Amino acid sequence: MAGSISGIDWVSRMPVSGVYTAVEGDNTANKAEINTGMANATGFIVQIVRAGVVDGADAKPSIAAGVLTVADGSTYKVTAGDVINWIVF
């Protein structure tokens, strides 16, 4: 366990979540970068939906300094209109 959520810093340990819809520039960059606002995040959960179907099984997500990156995989390619649901903690 990463530690209890108690004391004065409990708010900084609360998960942050959101939804990002990929744009045309993400296609060109071969990745979507999402500033989560949680610079101390060390974990994440990502779900990608394309045309109403969960997709992105081999997408390459990562996080550094609060920026969640969802990059192309071997078969998944970031495409404008992809809906990326995310949670960071």
Side-chain angles (χ1 to χ4, degrees):
M1 177 137 196
S4 65
I5 298 178
S6 63
I8 197 156
D9 71 336
W10 70 271
V11 172
S12 69
R13 295 178 187 225
M14 295 294 292
V16 177
S17 63
V19 176
Y20 175 79
T21 301
V23 296
E24 197 65 39
D26 299 328
N27 296 7
T28 306
N30 299 318
K31 63 183 175 184
E33 292 184 326
I34 305 162
N35 185 350
T36 69
M38 188 175 191
N40 63 338
T42 57
F44 56 85
I45 299 170
V46 172
Q47 178 190 53
I48 302 167
V49 178
R50 178 180 290 167
V53 177
V54 175
D55 196 358
D58 78 330
K60 305 294 184 212
S62 61
I63 193 158
V67 177
L68 178 64
T69 301
V70 177
D72 290 353
S74 59
T75 58
Y76 171 77
K77 305 298 180 205
V78 178
T79 302
D82 285 357
V83 177
I84 302 169
N85 299 291
W86 56 270
I87 301 171
V88 297
F89 45 91

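Keep in mind that what you see is a predicted model, and the values were worked out from it rather than measured. The figures that follow rest on heavy atoms only: side chains count, while hydrogens, waters and symmetry mates do not.
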| said: Please check: side-chain N/O of Asp55 versus main-chain N/O of Ile48, any donor-acceptor pairing under 3.5 Å? | reply: no
| field | Validation row: Phe44, Ile34 side chains within 4.5 angstrom (heavy atoms) | value | no
| query | Which other residues end up in the same hydrophobic cluster as Phe89, if Ile, Leu, Val, Met, Phe, Trp and Tyr are linked when side-chain heavy atoms come under 4.5 Å apart? | reply | Ile45, Ile87
| request: Locate the shortest heavy-atom distance separating Trp86 from Val16; write the atom from each residue and the value. | output: CZ3-O, 3.5 Å
| task | Looking only at non-hydrogen atoms, find the nearest pair between Ala80 and Glu24 and report the distance. | result | CB-N, 3.7 Å
| message | Can you tell me how far apart CD1 (Ile63) and OG1 (Thr42) are? Round to the nearest 0.5 Å. | response | 8.0 Å
| task | To the nearest 0.5 angstrom, please state how far the CG atom of Leu68 sits from the OG1 atom of Thr36. | result | 7.0 Å
| note | Contacts satisfying salt bridge (Lys or Arg N to Asp or Glu O under 4.0 Å) that involve residues 78-89 (not counting sequence neighbours) are Arg50-Asp82
| Contact list for residues 62-73, test side-chain hydrogen bond (donor to acceptor under 3.5 Å, both in side chains), sequence neighbours left out | none
| query | Taking all non-hydrogen atoms of both residues, which atom of Ala59 and which atom of Val70 are closest, and how far apart? | reply | CB-CG1, 4.1 Å
| request: Kindly give the heavy-atom pair with the smallest separation between Ala22 and Val78, and that separation in Å. | output: CB-CG1, 4.1 Å
| Between Met14 and Met38, what is the shortest heavy-atom contact and its length? | O-CE, 3.3 Å
| said: Which heavy atom of Gly56 sits nearest to which heavy atom of Tyr76, and what is that distance? | reply: CA-CD1, 3.5 Å
| Side chain of Thr75, backbone of Gly73: donor and acceptor closer than 3.5 Å? | no
